[in-house]
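Keep in mind that this is a model prediction, so the values were computed, not measured.
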Amino acid sequence: MRYGYFDDNRKEYVITDPRTPLPWINYLGSDDFFRLISNTAGGYCFYKDANLLRMTRYRYNSDRPDSNGHYFYIKDGNKIWNPGWQPTQTALAGYSCRHGLGYTIIEGRRNGICAKQEVFVPRGENCEVTRITLSNETYKDKELDLFSYVEFCFWNALEDMSNFQRNYSIGEVEVIGSDIYHKSEFRERRRHYAVFSVNKPVAGFDTDRTSFLGAYNGPSFPEAVIRGESKNSIAHGWAPIGSHHLTCTLKPQESVSYIFVLAYCETGKEDKFEAPGVINKKPAQEVLAKFRTDEQVDQALEELRAHWEKLLSVYHVESDDEVLNRTANIWNQYQCMTTFNMSRSASYYESGLGRGMGFRDSCQDILGFVHMIPDKARERILDIANTQFPDGSAYHQYQPLTKRGNTGLGSGFNDDPLWLIAAVAAYLRETGDYTILDELCDFNNNPETKAPLLEHLKRSFTFTATHLGPHGLPLIGRADWNDCLNLNCFSEEPGESFQITGPSEGPVAESVFIGGMFVKYGREYEEILRHVGREEEADEAEHTVQQMEKTVLDAGWDGEWFVRAYDAAKKPVGSHVCEEGKIYIEPQGMCVMAGIGLESGEAVKALESAQRYLECDYGLVVLNPAYTSYHLELGEITSYPPGYKENAGVFCHNNPWVIIAETMLGHGDRAFDLMKKICPTYLEPISEIHKTEPYVYCQMVSGKDAPVQGEGKNSWLTGTASWGFAMLSQYILGIRPEMDGLCIDPCIPAACKGFTCTRKFRGSEYHITVKNPNGVQKGIASMTVNGNKLDGNVIPVPAAGSVCEVEVVMG
Ligand code: BGC
């Protein structure tokens, strides 16, 4: 069952039923100011950091889903309603929510009135703009009241929802005309406040929650709206809100618009106040002046649209499969950008209160979006490298505001260092900008210990190469990619961290997965070294990688698939000798991607085993059989009920590894079938089962051992976005940046007759036509560039500004 449809021309998903299985959200903002907005206008906004600078309140685990938002109420006679249905849930005659690229348009109709709520964060501004347009579609006059409503947060979101003995006394506001200023804590150390304003004179306002809602009422039943009159309340403590009351009389067929701006404003240290206790309003007035008229709003929307057009023009495919086109051209890339911006901090499943930026997560995000904004990728890589420890190990997370590593969780997740190589290699392949390797980066943010980025890569490589266990495989430490495989932590008490309780780094437990990663990214490191002429070091790296490859085949091969790990007692994990968890997905995907066993046959066998034991209707589960009880020696992975999360859920992130591996074996049909099982756009027709947004990947889908299968969870912020895009764009469609140029290497279903792709790459534009007259799945019979036959399938980089007409015939 669908709850809407894709409008590809406008690059929107249009939700036509507000009762989606879960709130279906969008992200507005792309630099510092962000707003999460659901299809019923729920959500919140923040500046830079969802924990430390949260502007509006959101409630988790509430009596009903999606509690709180930036709401607008219409009072028409005795009836009150919202354009987005929530929170009053008054029945609407018409409803739609268009989630577009950086904006959302919600439209509701009732009793001859159409209310349109257009919401976006303008480029380069730290504010949310909402334009409400009310239209009288009847043939008689209509008298209407409009009320706005946002609930302010005391900046630190965790404190805000826990420290009530303080919070109930600190709320402060100022109101001047139509401008409501939220200035709690400004009197002391803060130099920022929020302003919520509308561009027309108000009939009244409220800033105190109880005055507006009424005692014991929630936002679904606000007393002021029901009465049709604000109380002009000034919040002294308790819970400050911002609410405007506007009135209008609309003639038949007449429309009126109101522009609301909710902005984050900063002052200097010296000019905080314009009079004792009165905040300096200059920064607020500056931003408000930019969004007073419809023309200004239209122009800002146009700039936003143009920005996205430009970003998406770097990679654009046209095929017979419209679902594939919209996935590759619009939604997958959009999600990659969002995931990069947010890392794993703020979604409807990540509260924004805990995790900072993941080292591994941020590195992987770069794979999916580096083609769109390489400059931001560069900056992010350097930020990440600055947190690396001198021995090459890494903090598992760092804070976006301070850009420093999080000492709480510390390091010891032994896959982390290698992801830095993955990110830098992807950056180099896309841009050819080798100067990044000379950039001086700190170790552990200590400016006295700077070294060029290339040296940081060396330390990543060396750390793994020198931290080996009894079989010669890399030590796993607290965990590897699978955060829940905790082979050195033996936690018996509830509430303890599965990863960092006790001396959880361990000298014995090993990861075959990291072994595979070392081969893959070790080779990429070697390639980088050759490119910068460091042949000797490259030879050494090559040798070390070869040794690891051998070790993986010797100690990491179980007969039909790759073993997952060895635990602290040297027992295999993910082997036929295990009772449960006999086979895991990660090493099958990673080792084959690394090219291990391609020639000697293990690769084919590993993928066949993955298909046989791990596949279900919704993709490949993490492991099989699922663990049915808690294992002290395995850790968090066995804490989950069978079929969920890392215990045999379909963890979408690692499915693309297997799909990429399948393309390496030339299995185009298989790769595509598997992709369709996890790709949300293909799952749109079963939205009632899948539950999460059909336009973005989710982290996990309940697997074949779960009582209810196929339920998606944790949408938006997942490494699946970037790996999904790499899989589709670079391996299935096969347009792949390499160090020496653009490689064309499609692996598609035999029935696919071909496709065209426009790719901007290193300053030139490629118009690529792929034809598949003989129905093959992989292989190129001939290729021309601007009419000239090309040997091989890597197009050497032409002079910047070139246009390359590329004709590819598969066969
Ligand atoms: C984390 C990833 C991790 C994955 C598997 C996600 O929640 O963000 O870093 O690789 O879980 O455990």
Side-chain angles (χ1 to χ4, degrees), residues 1-3 17 19-25 60-66 347-351 482-486 491 494-495 498 564 573-574 578-586 588 609-655 658 673-694 696-720:
M1 174 183 168
R2 291 178 165 88
Y3 295 82
D17 179 350
R19 292 172 193 260
T20 47
L22 292 165
W24 284 1
I25 75 161
Y60 301 93
N61 265 346
S62 303
D63 58 341
R64 54 164 134 163
D66 203 16
S347 76
Y348 266 36
Y349 312 93
E350 303 276 8
S351 64
N482 193 326
D483 274 331
C484 300
L485 189 59
N486 315 123
S491 170
F498 288 108
R564 177 63 176 86
V573 179
C578 306
E579 256 176 50
E580 294 175 335
K582 287 172 184 290
I583 170 171
Y584 279 62
I585 188 172
E586 302 99 315
Q588 321 314 325
S609 298
Q611 180 166 10
R612 187 166 321 124
Y613 300 110
L614 301 176
E615 188 152 354
C616 67
D617 290 348
Y618 304 100
L620 300 170
V621 297
V622 177
L623 59 90
N624 184 256
Y627 294 105
T628 50
S629 57
Y630 179 59
H631 288 249
L632 202 59
E633 76 286 7
L634 299 178
E636 185 172 5
I637 192 164
T638 58
S639 73
Y640 287 110
Y644 293 97
K645 294 277 288 176
E646 282 86 341
N647 185 14
V650 175
F651 218 92
C652 301
H653 186 147
N654 49 36
N655 275 245
V658 172
D673 280 352
L674 211 43
M675 182 192 82
K676 280 176 28 182
K677 287 189 169 183
I678 57 156
C679 187
T681 34
Y682 286 94
L683 300 176
E684 190 203 7
I686 56 157
S687 291
E688 81 285 9
I689 298 172
H690 190 61
K691 288 193 165 37
T692 52
E693 297 91 335
V696 288
Y697 279 104
C698 60
Q699 180 208 54
M700 198 278 305
V701 178
S702 51
K704 56 184 174 175
D705 304 278
V708 186
Q709 298 170 28
E711 290 183 328
K713 286 184 189 152
N714 311 347
S715 55
W716 278 99
L717 306 184
T718 159
T720 320

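Checking Asn482 against Glu586 by side-chain atom types alone, a donor-acceptor pair falls below 3.5 Å.
Shown here for Phe498 and Gly635, the closest heavy-atom pair between the two residues is CD2-C, 4.3 Å. The shortest heavy-atom contact between Tyr60 and Ser351 is OH-O, 3.0 Å. The two residues Val696 and Ser715 make their nearest non-hydrogen contact at CG2-CB, 4.3 Å. When all heavy atoms are compared, the tightest approach of Phe651 to Asn654 is O-OD1, 2.7 Å. Between Leu674 and Glu615, the closest heavy-atom pair is CD1-OE2, 3.7 Å. Met700 approaches Gly649 most closely through the heavy-atom pair SD-CA, 4.1 Å.
A donor-acceptor contact shorter than 3.5 Å is absent between the side chain of Trp716 and the backbone of Gln699. For Asn714 (side chain) and Tyr349 (main-chain N/O), no donor-acceptor pair under 3.5 Å exists by modelled atom type.
In this structure, CD1 in Ile678 is found 13.0 Å from NZ in Lys676, a value given to the nearest 0.5 Å. Note that the CG atom of Leu485 and the CG atom of Leu634 stand 6.5 Å from one another [nearest 0.5 Å]. Between Lys713 atom NZ and Thr692 atom OG1 the span is 11.0 Å, to the nearest 0.5 Å. Atom CZ of Arg564 sits about 11.0 Å away from atom CD1 of Ile585, to the nearest 0.5 Å. Between Arg2 atom CZ and Ser687 atom OG the span is 7.5 Å, to the nearest 0.5 Å. Distance check: Lys645 NZ to Glu636 CD gives 8.0 Å after rounding to the nearest 0.5 Å.
Within the 4.5 Å cutoff, no side-chain heavy atoms of Thr718 are placed close to those of Cys652. At a threshold of 4.5 Å between non-hydrogen side-chain atoms, the residues Ser702 and Tyr618 do not count as touching. With a 4.5 Å cut-off on side-chain heavy atoms, Tyr3 and Pro21 count as touching.
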Kindly list each side-chain donor-acceptor pair under 3.5 angstrom involving residues 619-628, sequence neighbours excluded, with atom names and distances?
from   : atom 1 : to     : atom 2 : distance (Å)
Tyr627 : OH     : Tyr584 : OH     : 2.7
Thr628 : OG1    : Glu580 : OE1    : 3.3
Thr628 : OG1    : Glu580 : OE2    : 2.5

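Residues forming a side chain to side chain donor-acceptor pair (under 3.5 Å) with Gln588 (at least two apart in sequence, or on another chain): none. With sequence neighbours excluded, no residue forms a side chain to side chain donor-acceptor pair (under 3.5 Å) with Lys704.
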